[in-house]
Student: 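Okay, handing you the structure first.
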Amino acid sequence: MTYVRNFTDVDDKINAKAAETGRAIREITDETIGWYHADMDALGALRPTQEPRATDWIGAMVAMIGRLVAQGHAYAAEGHVLFRVRSYAAYGALSGRSVDDMIAGARVEVAPFKEDPMDFVLWKPSGPDLPGWDSPWGRGRPGWHIECSAMARELLGDTFDIHGGGIDLTFPHHENEIAQSACAHPEGLFARTWLHNEMLLVKGKKMSKSLGNFFTVRDLLDQGVPGEVIRFVLLSTHYRSPMDWTEKKRAEAEAVLRKWRGLVAGIEPAPSPAPAVLEALGDDLNTAGAIAALHGLAAAGDAAALRASAEVMGLLTDDLSEWFALTNGKTWTFETDSGFVGFDRLIDPYLRRWSDLRRRKDFVAADALKAMIERAGVRLMVTPDGPDAERLASFDPAKLEGIE
RNA sequence: GGCGGGUUGGCGGAGAGGUUACGCAGCGGAUUGCAAAUCCGUGAAGACCGGUUCGAUUCCGGUACCCGCCUCCA
């Protein structure tokens, strides 16, 4: 499999930031790409085979635009090059629109140099203060849509299997990609299948930069939400359904993962994932259904199959296990004034005292001690193996020291 | 206004024209000094109105509401 994911590094927002800060565009985009990679790694997302940047493929874009102009599918006007929508009969097929209907309902002023209001920009002029590349139509920069068509052709050929993207990009972006590619290289099919994911919501509205109602993966990680928990929440809804990120989902996901990680600890994964899980994933990537199947394996106590099946979804992997190891009771190590101490060593004296009180059936004192310790973020409990302590999220070693 | 998608039990969330989704919460029980955790069991649904069908939450039509898109923003 070849997986290509491109970075758009020709963008007016980036240009504006460069102008504002005096930093080089490449420096800015290197930095943001680094952030992106770090976040995706934290979620356990695999890196694509290739990650082309638009600025590395300007030549291919200029060549494709030239081809479109030569074939009459595009025209130059006032330093711009525009795609002639009327020259591609199937325009609108993906999004189910017709050019005439859209023009009828158009609410926006149309640039005077356009032959048709729906024509879109392939190339636009750059002034001396903006990044630009030489082209047959003067110094300028590409419109957004052409980069995808040009890079897809260079890296994947005229026909490839799946084109992904958010459903909000169906029109005009993906429609325009199809028009460009189909006209420049009619011998190919461009994308055989379109895989559109629904939107991530915040209180019922699309999360987007322009609405300002967004938070990032990094924000969640910084709040202490493990990447694996974020991953689980994202996989718990089918990709074609919109999803609201909520604190309740976070808590449920964490509880499930804690339970499952406890279940598979020290268990070797089965040789292959459970058929029910593969079947769900094979049916239009039904991750929610696959997770339901994982619950079935957990309920049946089949830890080996649970582990193998979860791992195929990037869950319960060693790579994402650190949060669990760090916060799972006894193996947790933390820093105090007297250096690094294991959770069990610190809690041991209190646990002993509580056990003594219980043995003597002094339940009033035992309960009082338990309550105080719980205020420090440690829950005492009786397990089949004897008394034990669980670290809570609110654990604060400093509060433990004052307890008598 | 146009196009696309949605509306499932208290909450989250799938599939399938007829037989338990699943998870969380709830309820009952086991266990526990009490709890927690765990285990067993269990009630609860498919916006509204029509149609097709032996049978529809699932197919078709309409209504209401919600979301997305309709821009030289990517």
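Quick note: numbers below take in every heavy atom, side chains included, and nothing from hydrogens, waters or symmetry partners. Bear in mind the structure is a predicted one, so any value in this text is a computation, not a measurement. Order of the sequence lines sets the chain letters (A, B, ...), proteins ahead of strands, with each chain counted from 1.
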Student: Rounding to an integer number of angstrom, what distance separates B:rG62 and B:rG2 when you compare their P atoms?
Tutor: 12 Å

Student: Classify the nucleic acid contact of A:Gly204 as base, sugar-phosphate or nothing, counting any heavy atom under 4.0 Å across all strands shown.
Tutor: sugar-phosphate

Student: With A:Glu177, which residues qualify under salt bridge (Lys or Arg N to Asp or Glu O under 4.0 Å), at least two apart?
Tutor: none

Student: Between protein and nucleotides 19-26 of chain B, map the contacts as a letter string: B base, S sugar-phosphate only, - none, heavy atoms under 4.0 Å, written 5' to 3'.
Tutor: --BSBS--

Student: What distance, rounded to whole Å, do you find between the two P atoms, one in B:rA14 and one in B:rG28?
Tutor: 31 Å

Student: Could you tell me the separation between the CZ atom of A:Phe171 and the CG atom of A:Leu94, rounded to the nearest 0.5 Å?
Tutor: 10.5 Å

Student: Report which part of the nucleic acid A:Gly96 touches: base, sugar-phosphate, or nothing (heavy-atom distance under 4.0 Å, all strands).
Tutor: sugar-phosphate

Student: Which is true for A:Leu294 with a 4.0 Å heavy-atom rule: it touches a base, it touches only sugar-phosphate, or it touches nothing?
Tutor: nothing

Student: With both distances under 3.5 angstrom, what nucleotide forms a Watson-Crick or G-U wobble pair with B:rC72?
Tutor: none

Student: Contact class for A:Lys114 (heavy atom, under 4.0 Å): base, sugar-phosphate, or nothing?
Tutor: sugar-phosphate

Student: Does the distance from a Lys or Arg side-chain N to an Asp or Glu carboxylate O, for A:Arg86 and A:Asp100, drop under 4.0 Å?
Tutor: yes

Student: Of the options B:rA14, B:rG68, B:rC70, whose atoms approach the side-chain atoms of A:Lys206 most closely?
Tutor: B:rG68

Student: Considering only side-chain heavy atoms of A:Val382, which listed nucleotide, B:rC73, B:rC69, B:rC34, is closest?
Tutor: B:rC34

Student: Could you give the distance separating B:rU63 and B:rC3 at their P atoms, to the nearest angstrom?
Tutor: 12 Å

Student: Using 4.0 Å as the upper bound for N to carboxylate O, is an ion pair formed by A:Lys370 and A:Glu374?
Tutor: no

Student: Looking at every strand, decide which applies to A:Arg358 at a 4.0 Å heavy-atom threshold: base, sugar-phosphate, or nothing.
Tutor: base

Student: What does B:rG12 pair with, Watson-Crick or G-U, if both distances are under 3.5 Å?
Tutor: B:rC22

Student: How many whole angstroms separate atom CD1 of A:Ile14 from atom P of B:rC73?
Tutor: 15 Å

Student: Distance check needed: B:rC73 P versus A:His145 NE2, whole Å only.
Tutor: 7 Å

Student: From the options B:rA14, B:rC72, B:rC73, select the nucleotide whose nearest atom is closest to the side chain of A:Asp11.
Tutor: B:rC73

Student: Checking A:Trp57 against A:Glu147: is there a side-chain donor and acceptor pair closer than 3.5 Å?
Tutor: no

Student: Regarding B:rG4, can its base be found pairing with the side chain of A:Arg97 as donor and acceptor, where the two atoms are less than 3.5 Å apart?
Tutor: no

Student: Tell me the interatomic distance from A:Leu211, atom CG, to B:rA74, atom P, rounded to whole angstroms.
Tutor: 16 Å

Student: Before accepting this row, confirm whether a basic side-chain N of the pair A:Asp12/A:Arg141 lies closer than 4.0 Å to the acidic partner's carboxylate O.
Tutor: yes

Student: Work out how far the C1' atom of B:rG41 is from that of B:rU53, and round it to whole angstrom.
Tutor: 37 Å

Student: Between A:Asp119 and A:Phe83, is any pair of side-chain heavy atoms under 4.5 Å apart?
Tutor: no

Student: Among B:rA14, B:rG33, B:rC70, which nucleotide sits nearest the side chain of A:Trp354?
Tutor: B:rG33

Student: Can you check the distance between B:rG4 and B:rC60, where both ends of the measurement are the P atom (answer in whole Å)?
Tutor: 14 Å

Student: Cation-pi between A:Arg258 and A:Trp260: NZ/CZ under 6.0 Å from ring centre and within 45° of the ring axis?
Tutor: no

Student: Hey, does A:Leu201 reach any base, or is it just sugar-phosphate, or nothing, if we go heavy atoms under 4.0 Å?
Tutor: nothing

Student: Ignoring backbone atoms, test whether A:Ser241 places a side-chain nitrogen or oxygen under 4.0 Å from the OP1 or OP2 oxygen of B:rA14.
Tutor: yes

Student: Hey, are the side chains of A:Ile146 and A:Met64 touching, using non-hydrogen atoms and a 4.5 Å cut-off?
Tutor: yes

Student: Identify whether any heavy atom of A:Asp244 sits under 4.0 Å from a base atom; if not, whether one sits that close to sugar-phosphate; answer base, sugar-phosphate or nothing.
Tutor: nothing

Student: Categorize A:Phe363 for me: base, sugar-phosphate, or nothing, with a 4.0 angstrom heavy-atom threshold over every strand shown.
Tutor: base

Student: May I ask you to say what A:Thr237 touches in the nucleic acid, namely base, sugar-phosphate or nothing, with a heavy-atom cut-off under 4.0 Å?
Tutor: sugar-phosphate

Student: Run the ring-centre check on A:His174 versus A:His145 and record whether the distance is less than 6.0 Å.
Tutor: no

Student: Please determine, for the side chain of A:Arg379, which listed nucleotide (B:rA36, B:rC69, B:rC73) has the closest atom?
Tutor: B:rA36

Student: For the side chain of A:Met381, starting at C-beta, report the closest nucleotide among B:rA36, B:rA14, B:rA74.
Tutor: B:rA36

Student: For B:rA44 versus B:rU57, give the span between their C1' atoms, rounded off to a whole number of Å.
Tutor: 15 Å

Student: Please determine, for the side chain of A:Lys13, which listed nucleotide (B:rC72, B:rC3, B:rC73) has the closest atom?
Tutor: B:rC73

Student: Across all strands shown, which nucleotide pairs with B:rA56 by Watson-Crick or G-U wobble geometry, both distances under 3.5 Å?
Tutor: none

Student: Taking syn as any angle within 90 degrees of 0 and anti as the rest, which one fits B:rG46?
Tutor: syn

Student: Of the nucleotides B:rG15, B:rG13, B:rC69, which has the atom closest to the A:Met243 side chain?
Tutor: B:rG13

Student: Need one value for A:Phe7: base, sugar-phosphate or nothing, where a base atom within 4.0 Å counts as base even if backbone is also close, heavy atoms only.
Tutor: nothing

Student: Taking atom P in both B:rC48 and B:rA56, compute the distance separating them and give it to the nearest angstrom.
Tutor: 15 Å

Student: With RNA chain B as reference, determine whether A:Lys370 or A:His173 sits nearer its 5' end, using the nearest nucleotide of each.
Tutor: A:Lys370

Student: Starting at CG of A:Asn176 and ending at C1' of B:rU71, how long is that distance when rounded to a whole Å?
Tutor: 12 Å

Student: Report the distance from atom CZ of A:Phe113 to atom P of B:rU71, rounded to the nearest whole Å.
Tutor: 15 Å

Student: Which base sits across from B:rU63 as a Watson-Crick or G-U pair, both distances under 3.5 Å?
Tutor: B:rA47

Student: Can you check the distance between B:rG12 and B:rA21, where both ends of the measurement are the C1' atom (answer in whole Å)?
Tutor: 14 Å

Student: Hunt down the Watson-Crick or G-U wobble partner of B:rC39, both distances under 3.5 Å, from any strand shown, or write none.
Tutor: B:rG29

Student: Which word best sums up how the rings of A:His163 and A:Phe190 line up, parallel for under 30°, tilted for 30 to 60°, or perpendicular for over 60°?
Tutor: tilted

